[in-house]
Amino acid sequence: MRQSSFFIPTLKEVPNEAQIPSHQLMLRAGLIRQLASGIFTWLPFGYIALKKVMNILREEIDKIGGQEFLYPALNPIEIWEETGRVEAMGDVMFHIKNREGLVLAPTHEEIVTYHAKQHLQSYRDLPQIWYQIQNKFRNEARPKSGVLRGRQFIMKDSYSMDSNWEGLDVSYQNHFDAYCKIFDRCNIKFFVVGASSGSMGGKKSQEFMVEADAGEDVCAISDSGYSANIEVAVSAKEKIVRLALNDEIVEFETPNSKTIDELIKCFNLNESSLAKSVIYIVNDKPILILMSGNDELNETKLSSIFETNSFRPAEAFELFNITGANAGSIGPINLKQKIEIYADLRLEDANNLISGANKDGYHFKNIDLRRDTQIIAYYDFRTVKANEPDIINGSPIRVVKAIELGHIFKLGTKYSEALKANILDENGKENPIIMGSYGIGVERVLACYIEQNHDENGIIWQTPLAPFHVHLLGLMIEKSDEVKNACERLYLDLSKAGFEVLFDDRIERPGVKFNDADLIGLPLQIIVGNKNLVDGNIEVKIRKTGERQIHKLDEIIIVTNEYFKL
RNA sequence: CGGAGUUUAGCGCAGUCCGGUAGCGCGCUUGGUUUGGGACCAAGAGGCCACAGGUUCGAAUCCUGUAACUCCGACCA
């Protein structure tokens with residue numbers, strides 16, 4: 001490709017809307033342009049890289065038996081109503097206004113299951129892996145960070161269909177392995193975490209994560225190999241020990257001590273002797289949850305424990321109406337209204353606890369949960385914090401921010417049951433198809449790659465994703481026939497040798513070409529200028545290391561071959 | 001959806017407090033000089049100052065409303 005006629009608008013200055021490196025560089029190096037919030041145009045240079053990602057995805061999913069489909073983005077809403085996901089998705093789903101009954105698909109479980117129901121009838125038709133690479137539409141409340149969170153984005157989504165649970169395990173593991181290969185091939189450093197299935201439903205899910213400040217997910221990881229999304233992470237933090245005491249409950253005055261920290265400070269208490277009460281409205285019903293000390297309640301855990309998305313912390317006025325006190329003096333005993341009480345596992349059967357007296361400025365001590373309260377159940381409600389011991393061997397947990405690149409789910413039969421996609425087993429008995437679903441955000445792969453591979457001058461491409469292998473720079477090409485001829489010859493020979501070459505034949509000063517070359521970051525720069533050419537020499541610069549080599553013109557093909565063989 | 005901010009030439013910004021009809025740098029066009037790390041000189045082109053309404057003799061500037069975009073939070077298969 002001759003750069004003089006290639007549309008690759010580079011920017012010297014950083015557009016002010018871009019905050020993170022990958023977004024800035026994707027704009028500056030001419031990969032993307034924003035059309036509206038969360039909506040982007042892919043320019044030719046960026047689209048070439050994107051297609052390289054897609055090809056890697058195709059190759060690896062094909063290898064595990066995937067068959068590529070193209071499902072429509074425009075879907076009849078009825079199918080989505082049958083699975084209850086119109087409601088579950090809520091505002092995230094785009095609805096077509098001037099054609100009632102059509103929606104834009106935010107994912108494709110329903111459509112896949114619809115076709116499976118039509119044509120898969122016997123266990124002998126299975127297993128199947130169906131996939132596509134296609135645009136998804138989600139009305140994100142707050143698009144951000146360039147292509148990392150958009151309203152329209154490309155996803156590789158595959159769906160496995162099996163006749164038994166062992167088959168699902170195999171399909172799931174195959175995807176797990178394929179995903180590892182995909183991200184390895186893209187040279188992306190990633191880790192895998194156990195995750196929450198959210199509104200997807202299903203038994204098990206794992207996320208492929210890239211550690212990054214720009215990430216929106218938080219993960220707990222440790223050196224022993226423990227890794228989980230903070231939404232589901234657990235630690236080996238010790239339980240509160242039950243003491244051999246049976247002291248009566250005593251009320252005591254706690255003026256100006258509204259937080260756990262203030263109580264600890266004012267009364268010289270141990271954090272483990274305190275129980276904090278949190279009131280949530282779950283399915284329009286207030287419940288009280290007891291947490292130990294300063295432990296933080298995890299709303300994702302709460303959501304899966306009560307199997308609902310309908311919950312919120314109680315408002316200040318509700319707190320007073322329910323308990324008789326304001327925040328800071330709330331506890332499980334002497335509540336104004338009778339409500340259900342749950343507690344975190346760390347508090348199981350604990351005694352000798354201090355908690356609010358439901359009277360402003362007062363607390364109770366010597367509370368025995370077994371003796372004095374009616375706890376409906378103990379669950380793991382807490383959010384893991386940094387430096388807690390992990391559950392593998394007690395290694396300290398690190399809490400890091402991460403970008404979710406891929407997510408794999410064991411769906412089970414949620415969709416096949418809802419849409420009645422059944423097959424006959426060996427005994428002629430009807431059973432729902434057992435499904436898995438597996439997604440990768442294609443743009444995110446590129447954004448994460450750039451987050452991990454750039455310097456102050458620009459992007460640093462490595463071969464698998466690089467839009468071109470070689471950047472051929474002709475310096476002062478319009479002033480020297482020798483330079484021109486050498487460039488033309490190299491352009492032809494390199495292309496013949498199978499390399500993808502971007503040939504900078506523009507009438508620009510050398511400095512402009514050097515800076516653009518570093519900005520767009522192709523792996524190898526071959527620099528043809530009079531300075532070296534008078535001695536028959538060509539300069540080769542490796543973008544990643546900055547190393548410069550001088551070679552004879554005749555050796556360039558060999559040198560290039562050598563470099564890309566590695 | 002809550003909070004904050006921004007909107008003036010293709011890009012980055014000043015001008016707004018204190019009203020008088022728009023400016024800087026980069027980029028672009030033409031000519032000349034330069035030419036191995038984003039050149040220099042000269043002459044140019046390019047703006048309904050986000051939109052709508054109001055105040056005023058006069059509004060980029062003051063007032064009211066709306067929209068878009070960005071950030072923080074909430075939400076997020």
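Computation of the quantities below employed the complete heavy-atom set of this structure, encompassing side-chain atoms and omitting hydrogens, waters and symmetry-equivalent molecules.
- Salt-bridge annotation for A/Arg548 and A/Glu539: present, with a side-chain N of the basic residue lying under 4.0 Å from a carboxylate O of the acidic one.
- Base contact: A/Met155 has a heavy atom under 4.0 Å from a base atom.
- Residue side chain A/Arg142 does not reach the base of B/C71 through any donor-acceptor N/O pair under 3.5 Å, judged by distance alone.
- Toward the 5' end of RNA chain B, the nearer of the two residues A/Glu539 and A/Ala141, judged by each one's closest nucleotide, is A/Glu539.
- A/Val92 comes within 4.0 angstrom of nothing in the nucleic acid, heavy atoms only.
- Residue A/Ser145 is classed as a sugar-phosphate contact, given heavy-atom separations below 4.0 Å to backbone atoms only.
- Contact annotation for A/Phe153: base contact, defined as any heavy-atom pair under 4.0 Å involving a base atom.
- Relative ring orientation between A/Phe208 and A/Phe176 is described as tilted, the plane-to-plane angle lying within the 30° to 60° band.
- Atom-to-atom, CZ of A/Arg85 to C1' of B/C76 comes out at 13 Å; the value is rounded to the nearest Å.
- When rounded to the nearest whole Å, the span between CD of A/Gln19 and P of B/C72 equals 7 Å.
- Crowding of A/Asp535 atom CG: a count of heavy atoms from other residues, nucleotides or ligands under 6.0 Å exceeding 12.
- Classification of A/Lys484 and A/Asp505 as a salt-bridged pair fails, no side-chain N sitting under 4.0 Å from a carboxylate O.
- Counting only heavy atoms from C-beta on, A/Pro15 has its side chain closest to B/G12 among B/G36, B/G38, B/G12.
- When heavy atoms are screened at a 4.0 angstrom cut-off, A/Arg548 is found touching base atoms of the nucleic acid.
- Residues satisfying the salt bridge (Lys or Arg N to Asp or Glu O under 4.0 Å) criterion with A/Lys420, sequence neighbours excluded, are absent altogether.
- A/His108 places none of its side-chain heavy atoms less than 4.5 Å from the side chain of A/Phe69.
- With rounding to whole Å, A/Glu140 atom CD is found 13 Å from B/C71 atom P.
- Ring centroids of A/Phe468 and A/Phe6 are separated by less than 6.0 Å, placing the two rings close together.
- Note on A/Arg312: nothing from the nucleic acid sits closer than 4.0 angstrom, heavy atoms only.
- Residues from residues 438-448 of chain A that place a heavy atom under 4.0 Å from any atom of RNA chain B: there are none.
- Note: CZ (A/Arg149) to P (B/U70) measures 14 Å, nearest angstrom.
- When distances are taken from the side chain of A/Ile527 to each of B/C26, B/U35, B/G36, the shortest belongs to B/G36.
- Using a 4.0 Å heavy-atom cutoff across all strands shown, A/Gln34 reaches sugar-phosphate atoms only and no base atom.
- Out of B/C76, B/G38, B/G36, the shortest distance to the side chain of A/Arg28 is found at B/G38.
- When the P atom of B/G36 is taken as reference, atom CD of A/Glu478 falls 12 Å away, rounded to whole Å.
- Residue-level contact check: A/Lys479 touches the bases, meaning some heavy atom is under 4.0 Å from a base atom.
- Distance CD (A/Glu13) to P (B/A14): 13 Å, rounded to an integer number of Å.
- Between A/Arg506 atom CZ and B/U35 atom P the separation is 20 Å, expressed in whole Å.
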Atom pairs and distances, side-chain donor-acceptor, residues 23-36 of chain A, under 3.5 Å, sequence neighbours left out:
unit_1	atom_1	unit_2	atom_2	d
A/His23	ND1	A/Gly146	N	3.4
A/Gln24	NE2	A/Ala18	O	3.1
A/Arg28	NE	A/Leu11	O	3.0
A/Arg33	NH1	A/Leu27	O	2.8
A/Arg33	NH2	A/Pro9	O	3.0
A/Gln34	NE2	A/Ala36	O	3.3

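- Side-chain to base pairing of A/Asp518 with B/G37: one donor and one acceptor N or O lie within less than 3.5 Å of each other.
- Look at CZ on A/Arg151: it is 9 Å from P on B/A68, rounded to the nearest Å.
- Between A/Glu68 and A/Lys156, no side-chain nitrogen of the basic residue sits less than 4.0 Å from a carboxylate oxygen of the acidic one, so the salt-bridge criterion is not met.
- Using a 4.0 Å heavy-atom criterion, one finds that A/Asn16 contacts the sugar-phosphate atoms exclusively.
- Residue A/Glu404 is classed as having no contact, given no heavy-atom separation below 4.0 Å to the nucleic acid.
- Across all strands shown, A/Asp91 has no heavy atoms under 4.0 Å from either base or sugar-phosphate atoms.
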